[in-house]
Amino acid sequence: METIANRPGEHVIEVQHLQKAFGQQQVLKNISLHVCKGENLVVLGRSGTGKSVLIKCLVRLLEPDEGEMKMLDEDVSAMDDDKLNKLRKKIGFLFQGAALYDSMSVRENLLFPMRDSKDISRKEKEERVKEALEHVGLASAIDKMPAELSGGMRKRIGLARSVILKPRIMFYDEPTAGLDTITAREINKLILDMQQQYKTSSILITHDIECARMTANRMLVINEGQCVAEGSFEELQRSEDKWVRSFFE
């Protein structure tokens, strides 16, 4: 496997020898990775290579078969449900379909993650909603219903909701899937804006090479559940491995 030396800096995510199978199908095979504080790590691979399974295992929405996982200096594998729920509140998720509640307005969708936050006043909650919407350029959509929004707008609202609790870690699952080129570029720029605004450390799952080019500080390439290459966009673009280089051609 092509590698680059571990970069200096605090590791907020560390994964060692992660494995996951569904029946006879081995989806993740001995995956090891790390994410430094403030870094965007892009996990690149074709559809069906286990990329989404990886982030679900990291927060134990799926239980891995083997491996060690640490986030924010805590052993995720050993956490009980209470500690796991506390950890998940420090993590923001942007799923492929934005995962908005269709029966709730945009305002209600953004208030929802704060429903159990007793230490945040109602006034501050409202201020956070307005601030998050301003960051994604949709302050005027606050009282709209999801059905009234375009796909790109829904994705922006999903991004606003994912940062409403000011997470330390962000997971993006195919953030530009199904979007036209211009809208996808806008989402990529927003991801960079969120990285700067909230100082987040992120894992982005994608097969979109333009998304990777715009957002990655470092990249990991997965093929058939295994890490086959690691490096910057430019380093992987010059890879001697024909399969890795095929993403860039």
Side-chain angles (χ1 to χ4, degrees), residues 10-13 35-41 55-56 58-61 70-74 76 79-173 175 183 186-204 215:
E10 176 188 343
H11 290 185
V12 295
I13 301 175
V35 180
C36 293
K37 186 175 182 179
E39 179 182 42
N40 282 347
L41 175 69
I55 56 174
K56 288 177 181 176
L58 285 177
V59 291
R60 286 177 50 199
L61 294 174
K70 287 183 68 178
M71 256 187 278
L72 304 173
D73 293 322
E74 296 189 77
V76 180
M79 286 181 175
D80 58 24
D81 288 345
D82 184 52
K83 285 187 176 180
L84 196 55
N85 286 331
K86 287 179 180 177
L87 174 68
R88 287 171 180 164
K89 290 179 180 178
K90 300 175 184 177
I91 301 171
F93 299 86
L94 183 65
F95 298 104
Q96 287 191 42
L100 300 180
Y101 296 105
D102 290 335
S103 61
M104 295 182 180
S105 68
V106 167
R107 183 197 304 271
E108 291 167 335
N109 263 282
L110 268 66
L111 285 170
F112 189 78
M114 299 183 284
R115 66 197 183 282
D116 296 326
S117 301
K118 303 290 193 297
D119 55 335
I120 307 176
S121 68
R122 177 71 190 191
K123 181 181 178 182
E124 185 181 349
K125 288 177 182 179
E126 291 286 350
E127 288 174 351
R128 285 197 184 191
V129 168
K130 292 176 182 177
E131 177 185 317
L133 288 174
E134 286 172 0
H135 283 161
V136 300
L138 286 175
S140 61
I142 190 167
D143 293 317
K144 291 185 181 293
M145 300 299 288
E148 300 176 77
L149 307 175
S150 67
M153 292 170 74
R154 289 171 67 94
K155 190 79 76 168
R156 286 177 177 227
I157 298 300
L159 182 54
R161 190 180 65 179
S162 68
V163 298
I164 203 78
L165 288 175
K166 301 184 178 179
R168 296 178 61 185
I169 293 171
M170 278 292 301
F171 290 147
Y172 299 93
D173 189 3
T183 305
E186 291 172 351
I187 295 298
N188 292 333
K189 185 178 182 303
L190 281 172
I191 289 170
L192 293 176
D193 290 344
M194 294 301 170
Q195 180 187 23
Q196 294 298 316
Q197 178 72 26
Y198 295 99
K199 313 300 181 188
T200 53
S201 311
S202 305
I203 293 180
L204 294 94
T215 63

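Below, each value reflects all heavy atoms present in this structure, side chains not excepted, and no hydrogens, waters or symmetry copies.
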Under the ring pair (Phe, Tyr, Trp, His ring centres under 6.0 Å) test, residues paired with Phe171 that sit two or more places apart:
Phe93

If you round to the nearest 0.5 Å, how far is [atom2] of [Y] from [atom1] of [X]?
{"X": "Met145", "Y": "Met104", "atom1": "CE", "atom2": "CE", "answer": "9.5 Å"}
{"X": "Leu58", "Y": "Ile203", "atom1": "CG", "atom2": "CD1", "answer": "5.0 Å"}
{"X": "Leu72", "Y": "Leu87", "atom1": "CG", "atom2": "CG", "answer": "6.0 Å"}

Test side chain to side chain contact (heavy atoms under 4.5 Å, CB included) applied to [X] - qualifying residues, sequence neighbours left out:
{"X": "Asp116", "answer": "none"}
{"X": "Leu61", "answer": "Lys56, Val59, Arg88"}
{"X": "Lys70", "answer": "Glu14"}
{"X": "Ser150", "answer": "Met153"}

If you count the non-hydrogen atoms of other residues, nucleotides and ligands that lie under 6.0 Å from CZ in Arg115, is the total more than 12?
yes

Can you list the residues that meet the salt bridge (charged side-chain N to carboxylate O under 4.0 Å, His left out) rule with [X], with sequence neighbours excluded?
{"X": "Asp73", "answer": "none"}
{"X": "Lys89", "answer": "none"}
{"X": "Arg128", "answer": "Glu124"}

Using every non-hydrogen atom in the two residues, find where [X] and [Y] come nearest and quote the distance to one decimal.
{"X": "Thr215", "Y": "Ile191", "result": "CG2-CG2, 4.2 Å"}
{"X": "Gly158", "Y": "Leu94", "result": "C-CD1, 3.4 Å"}
{"X": "Leu110", "Y": "Ala160", "result": "CD2-CB, 4.0 Å"}
{"X": "Val35", "Y": "Ser201", "result": "CG1-CB, 4.2 Å"}
{"X": "Leu165", "Y": "Ser117", "result": "CD2-OG, 3.9 Å"}
{"X": "Pro167", "Y": "Gly92", "result": "CB-N, 3.4 Å"}

Taking [X] for the side chain and [Y] for the main chain, is one N or O donor matched with an acceptor at less than 3.5 Å?
{"X": "Arg60", "Y": "Val76", "result": "yes"}
{"X": "Lys155", "Y": "Ile187", "result": "no"}
{"X": "Lys166", "Y": "Val163", "result": "no"}

Pairs in or reaching into residues 100-109: which pass salt bridge (Lys or Arg N to Asp or Glu O under 4.0 Å), with residues at least two apart or in two chains?
Asp102-Arg154, Arg107-Glu126, Arg107-Asp143

Please set out all donor-acceptor pairs under 3.5 angstrom arising from side-chain atoms of residues 129-138, sequence neighbours excluded.
from: His135; atom 1: ND1; to: Tyr198; atom 2: OH; distance (Å): 3.2

Do Ile91 and Met71 have side-chain heavy atoms sitting under 4.5 Å apart?
yes

Which pairs count as ring pair (Phe, Tyr, Trp, His ring centres under 6.0 Å) when at least one residue sits in residues 145-168, sequence neighbours excluded?
none

For Ser202, check side chain to side chain donor-acceptor pair (under 3.5 Å) against everything at least two apart and list the hits.
Asn40

